[in-house]
**Student:** 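Let me begin by handing over the structure; questions about it come next.
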Amino acid sequence: MEHFARYDSPFGAIKIGYEDGLIRSIRRCNVPFSHTPSPVSDLAAGQLQEYFAQKRTVFDFPLEFSGTPFQVAVWEALCRIPYGETRTYGQIASAIGRPKASRAVGMACNRNPIWIVVPCHRVLGADGSLTGYAGGLSMKRVLLEMEQTSHSL
């Protein structure tokens with residue numbers, strides 16, 4: 001049974017879902033809920049705070065994906081995009097051996113359950129434009145600018 005804990009972030013409250021010592025979801029949350037922090041949710045929240053403070057570029061807390069094999073392949077490919085860099089949906093599709101599946105990659109990004117840690121904000125349109133993001137394009141822009149600024153330091 002998945003449990004949830006609430007933490008603050010620069011983008012508002014986040015809800016971290018965990019089960020059996022593994023993070024299963026991280027999302028923005030605008031509604032109150034009963035929450036139960038745990039060592040693994042505290043670890044994830046701490047690493048996110050370090051990321052927002054530009055002191056962390058890689059996450060290493062235990063997590064588990066729950067999705068279709070295609071979605072999991074996309075999310076794993078997203079995790080391989082280095083901090084401060086971007087890829088296109090087409091590049092991700094090619095990276096998972098499905099070069100014609102860029103739209104399906106976009107849908108998998110849309111269903112990404114582990115916000116920021118699985119960095120779908122690093123995925124751009126074929127022309128380099130900012131495209132859809134669950135947190136909104138302004139949040140995507142802020143995250144990319146933050147990563148590119150601290151990456152060049």
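This one's a predicted model, so the numbers in the text were calculated from it and none came from an experiment.
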**Student:** Grab the two heavy atoms, one from I16 and one from A44, that are nearest each other, plus how far apart they are.
**Tutor:** CD1-CB, 4.2 Å
**Student:** With sequence neighbours left out, write down each residue that passes salt bridge (Lys or Arg N to Asp or Glu O under 4.0 Å) with E2, or none if nothing qualifies.
**Tutor:**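 In terms of salt bridge (Lys or Arg N to Asp or Glu O under 4.0 Å), with neighbours along the sequence ignored, E2 is linked to no residue.
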**Student:** With rounding to the nearest 0.5 angstrom, report the CH2 to CG distance, W75 to L63.
**Tutor:**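 Output value for this atom pair is 11.0 Å.
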**Student:** Can you check side chain to side chain contact (heavy atoms under 4.5 Å, CB included) on L78 and C109, steps first, answer last?
**Tutor:** CA-CA 9 Å; L78 297 178; C109 288; 3.9 Å; yes
**Student:** Are R6 and D8 packed together at the side-chain level, in the sense that at least one heavy-atom pair is separated by less than 4.5 angstrom?
**Tutor:**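 In contact.
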**Student:** Any non-hydrogen side-chain atom of R87 less than 4.5 Å from a side-chain atom of P82?
**Tutor:** yes
**Student:** Go through I23 and V117 one step at a time and tell me if the side chain to side chain contact (heavy atoms under 4.5 Å, CB included) criterion holds.
**Tutor:** CA-CA 11 Å; I23 298 299; V117 175; over 6 Å; no
**Student:** With a 4.5 Å heavy-atom cut-off, do L143 and I116 have their side chains touching?
**Tutor:**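 When only atoms from C-beta onward are counted, I116 and L143 do touch, with a gap below 4.5 Å.
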**Student:** Is there a side-chain contact between V58 and Y83 (heavy atoms, below 4.5 Å)?
**Tutor:**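 Answer no - side chains too far apart.
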**Student:** Which atom pair, heavy atoms only, marks the closest approach of A5 to S41?
**Tutor:** CB-OG, 3.7 Å
**Student:** Please walk me through it: do T88 and V123 pass side chain to side chain contact (heavy atoms under 4.5 Å, CB included)?
**Tutor:** CA-CA 5 Å; T88 65; V123 184; 5.8 Å; no
**Student:** Can you list the residues that meet the salt bridge (Lys or Arg N to Asp or Glu O under 4.0 Å) rule with R27, with sequence neighbours excluded?
**Tutor:** none
**Student:** Would you compute the distance between atom CG of L144 and atom CG of L137 and round it to the nearest 0.5 angstrom?
**Tutor:**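 The CG atom of L144 sits 10.5 Å away from the CG atom of L137.
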**Student:** Taking side chain as C-beta onward, heavy atoms only, is S38 less than 4.5 Å from D42?
**Tutor:** no
**Student:** Donor-acceptor pairs under 3.5 Å, side chain of residues 65-74 to any protein atom, not counting sequence neighbours: which ones?
**Tutor:**
unit_1, atom_1, unit_2, atom_2, d
T68, OG1, Q71, N, 3.0
Q71, OE1, T68, N, 2.9

**Student:** Considering only heavy atoms from C-beta outward, does the side chain of R28 approach that of M139 to under 4.5 Å?
**Tutor:** yes
**Student:** Using a 4.5 Å cut-off on heavy atoms from C-beta on, say whether the side chain of L22 contacts that of V40.
**Tutor:**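 No; the side chains remain at least 4.5 Å from each other.
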**Student:** Kindly give the heavy-atom pair with the smallest separation between F4 and G17, and that separation in Å.
**Tutor:** CD2-CA, 3.6 Å
**Student:** Do any side-chain atoms of residues 124-134 form donor-acceptor pairs under 3.5 angstrom with protein atoms, and if so which ones, sequence neighbours left out?
**Tutor:**
unit_1, atom_1, unit_2, atom_2, d
D127, OD1, S129, N, 3.0
D127, OD1, S129, OG, 2.6
T131, OG1, Y89, OH, 2.9
Y133, OH, W115, NE1, 3.3

**Student:** Considering only residues two or more places apart or on different chains, which pairs with a residue in residues 11-23 satisfy side-chain hydrogen bond (donor to acceptor under 3.5 Å, both in side chains)?
**Tutor:**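 Sorted result for residues 11-23: E19-R24.
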**Student:** Could you tell me whether the side chain of E147 reaches within less than 4.5 Å of the side chain of R122, counting heavy atoms only?
**Tutor:** yes
**Student:** Kindly compute the distance separating NZ (K140) from CD (E145), expressed to the nearest 0.5 Å.
**Tutor:**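 Answer for the NZ-CD pair, K140 versus E145, is 13.0 Å.
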**Student:** Kindly say whether T57 contributes a backbone atom to a donor-acceptor pair with the side chain of Y51 at under 3.5 angstrom?
**Tutor:**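 Between the backbone of T57 and the side chain of Y51 there is no qualifying donor-acceptor contact (under 3.5 Å).
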**Student:** With side-chain hydrogen bond (donor to acceptor under 3.5 Å, both in side chains) as the rule and sequence neighbours excluded, what pairs involving residues 96-114 come up?
**Tutor:**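 Sorted result for residues 96-114: empty, none.
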